[in-house]
There are 2 protein chains.
Amino acid sequence: MKDLLPDPATFRINGRLWIEGPADRFLGIGRLELLQRIQQLGSISKAAQAMNMSYKRAWELVSSMNAQAREPLVSTQTGGQRGGGAFLTAAGVRAVVDFEALQLRFQAFVDAETARLHD
Amino acid sequence: MKDLLPDPATFRINGRLWIEGPADRFLGIGRLELLQRIQQLGSISKAAQAMNMSYKRAWELVSSMNAQAREPLVSTQTGGQRGGGAFLTAAGVRAVVDFEALQLRFQAFVDAETARLHD
DNA sequence: TTTCGTTATGTTTGCTCGGGAATAACGACC
DNA sequence: GGTCGTTATTCCCGAGCAAACATAACGAAA
């Protein structure tokens, strides 16, 4: 394989992994990061901002996840002392933990295949 | 994980895998299929047509692959008995075989993770 | 009751990527 | 030399999709 490439060291295996349902994507790397940021920052708008994503898009992703899961991953509150906010439910926390683990196994696979590519 | 989902059986892990270089993508599932079709049909335009892809795009992909590989994966001929054509070089055949194998290992990974998702 | 930052949602704007048309060159074959 | 189907390449346009914008509702706190 590597003998196909001019400078094999500069080439890598890369990829994307996600969970998909009958209608739509459910969870991927972008949605995971969004959940993590919401957990960290307590708001969808701050999370979006931190990811350089429009609030609308972030909200749509949250909405999509909440709609597909058995119970919402993110709970929101409008109004209140700081104008409102958002936090992960127990289900949301579990989703983050589980998908992080999956992502880690995938990364191991990708790294192994990259190593195989190099020799 | 599955307890997050309303009907776990309808959810799957899915993903994409590719080889990327410093500048651009080198090989992915779409480019693989294109190479396979060229091998099978002997022409870029026929391959593109079979994939419902514009000739222009197909040509660009071939050009990108040829430019990044140490030696071209696809060799072309303009003019001639049937107006010309394209075929895989030895390097091209090797690229197909090797990436097919990689894709198979990836599919196994995805299937295993989907199974894990279901229990 | 005003302020404030957020959620929630519809509308418009803008931009990028690919599609499609147009054109040239090519070379075997009749 | 005319025909044909292909490679090769440029240019323009439109669809689709995300960003940006606009607005309403909300509720705690001052």
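Order of the sequence lines fixes the chain letters, A, B, ..., with proteins taken first and strands second; residue numbering starts at 1 for each chain. All values reported here derive from a predicted model rather than from experimental measurement.
Between the side chain of Gln68(B) and the backbone N or O of Arg25(B) there is at least one donor-acceptor pair closer than 3.5 Å. Ser64(A) places no side-chain N or O within 3.5 Å of a backbone atom of Glu60(A) that could act as its donor or acceptor partner. In this structure, Thr114(A) contributes its side chain and Ile13(A) its backbone to a donor-acceptor pair below 3.5 Å. The backbone N or O of Pro6(A) lies less than 3.5 Å from no partner atom in the side chain of Arg70(B), so there is not a single donor-acceptor pair. The backbone N or O of Met1(A) lies less than 3.5 Å from a partner atom in the side chain of Asp3(A), making a donor-acceptor pair. Thr89(B) places a side-chain N or O within donor-acceptor distance of the main-chain N or O of Leu73(B), the cut-off being under 3.5 Å. One N or O on the side chain of Asn66(A) and one on the backbone of Val74(A) form a donor-acceptor pair closer than 3.5 Å.
A salt bridge is absent between Asp98(B) and Lys2(A): the closest approach of a Lys/Arg side-chain nitrogen to an acidic carboxylate oxygen does not fall below 4.0 angstrom.
Residues Ile38(B) and Leu88(B) are in side-chain contact: their nearest non-hydrogen atoms beyond the backbone lie under 4.5 Å apart. The side-chain heavy atoms of Leu27(B) and Leu4(A), taken from C-beta on, include no pair separated by under 4.5 Å.
Under the 4.5 Å side-chain heavy-atom criterion for Ile, Leu, Val, Met, Phe, Trp and Tyr, Phe99(B) and Val110(B) are members of the same hydrophobic cluster. Hydrophobic clustering of Ile, Leu, Val, Met, Phe, Trp and Tyr side chains at less than 4.5 Å, counting indirect connections, keeps Trp18(A) apart from Trp18(B).
Bounding nucleotides for the chain B contact on DNA chain D, 5' to 3', at a heavy-atom distance below 4.0 Å, are dG5(D) to dC11(D).
Relative ring orientation between Phe106(A) and Phe109(B) is described as tilted, the plane-to-plane angle lying within the 30° to 60° band.
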What protein N or O atoms touch nucleotides 28-30 of chain C N or O atoms at under 3.5 angstrom, if any, and at what distances?
unit_1, atom_1, unit_2, atom_2, d
dA28(C), O4', Gln81(B), N, 3.2

What's touching nucleotides 13-15 of chain C from the protein side, N or O pairs under 3.5 Å?
none

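Within a heavy-atom distance below 4.0 Å of DNA chain D, no residue of residues 27-42 of chain B is found. Within residues 49-76 of chain A, the residues approaching DNA chain D are Ser54(A), Lys56(A), Arg57(A), by heavy-atom distance under 4.0 Å.
The environment of Gln103(A) atom CD is dense: over 12 non-hydrogen atoms of other residues, nucleotides or ligands sit within 6.0 angstrom.
Applying the salt bridge (charged side-chain N to carboxylate O under 4.0 Å, His left out) criterion to Glu113(B), with sequence neighbours excluded, gives Arg105(A), Arg116(B).
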